[in-house]
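Working notes for the structure below.
Since the structure is predicted, the reported quantities are computational estimates derived from the model, not experimental observations.
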Amino acid sequence: MQVRCLYEDASDALHEAITHWPINDVNDLPQQDNGNDCGVFVMKFMEAVLSTKTVAWKELKNWCEEMPTFRAEITANIFRAFSNVIESNDN
C-alpha cells in the first residue's frame, strides 16, 4: 500500500519510473513509538544511511530514548547553519 502511494506521488516528479528501483527489506530497523517523531526518525535514518555503507541497525535500537538528544542536535545544527548564512551575508 505505501509503496503504491510512493509510486503515484513520484510519477510526476521524476523522469524515470521508480517501479524499477529495487526494494530492500531491512531487519531490525528502529521504530518510533509515538505519532510525533516521524520527521526526526526520517532525518536520523537518512543520516545513518548516508554516513556509512553498512548500518548496524541493532546498535541503533534506542532511538526512542534518544529523541530529546536528536531534537537538540537538529535544532543546534539549524541554528548553526542559519548563523553561518547571516554571517556570510554580513561580509
Side-chain angles (χ1 to χ4, degrees):
M1 177 68 153
Q2 293 169 339
V3 174
R4 184 176 49 82
C5 291
L6 176 64
Y7 289 158
E8 290 171 5
D9 290 346
S11 64
D12 294 334
L14 300 172
H15 299 290
E16 60 183 292
I18 67 170
T19 54
H20 302 295
W21 292 2
I23 296 175
N24 299 321
D25 211 6
V26 180
N27 296 321
D28 298 316
L29 284 177
Q31 300 288 313
Q32 77 184 74
D33 61 358
N34 61 40
N36 305 319
D37 293 322
C38 51
V40 178
F41 261 81
V42 169
M43 292 170 72
K44 293 303 287 184
F45 177 80
M46 293 309 301
E47 181 181 84
V49 169
L50 294 173
S51 66
T52 64
K53 291 187 183 220
T54 303
V55 178
W57 293 113
K58 286 183 179 183
E59 296 173 16
L60 301 175
K61 283 285 200 169
N62 63 344
W63 277 17
C64 293
E65 296 168 14
E66 297 293 327
M67 272 304 129
T69 302
F70 293 159
R71 283 191 216 101
E73 289 172 352
I74 291 167
T75 302
N77 288 335
I78 290 170
F79 280 121
R80 207 172 295 119
F82 184 67
S83 188
N84 290 340
V85 168
I86 290 173
E87 188 176 297
S88 68
N89 286 340
D90 288 343
N91 292 330

Sequence neighbours excluded, the answer for side-chain contact (heavy atoms from CB on, under 4.5 Å) partners of N84 is none
Taken in chain and number order and not counting sequence neighbours, the residues that satisfy side-chain contact (heavy atoms from CB on, under 4.5 Å) with T69 are E66, E73
same_hphob_cluster(I74, F79) at 4.5 Å side-chain heavy-atom cutoff: no
The reported gap from CZ in F41 to CD in Q32 (rounded to nearest 0.5 angstrom) is 5.5 Å
Rounded to the nearest 0.5 Å, the CZ atom of F70 sits from the OG1 atom of T75 at a distance of 13.0 Å
When rounded to the nearest 0.5 Å, the distance separating CG of N36 from CE of M67 is 10.5 Å
Residues passing the side-chain hydrogen bond (donor to acceptor under 3.5 Å, both in side chains) test with D33, sequence neighbours excluded, are none
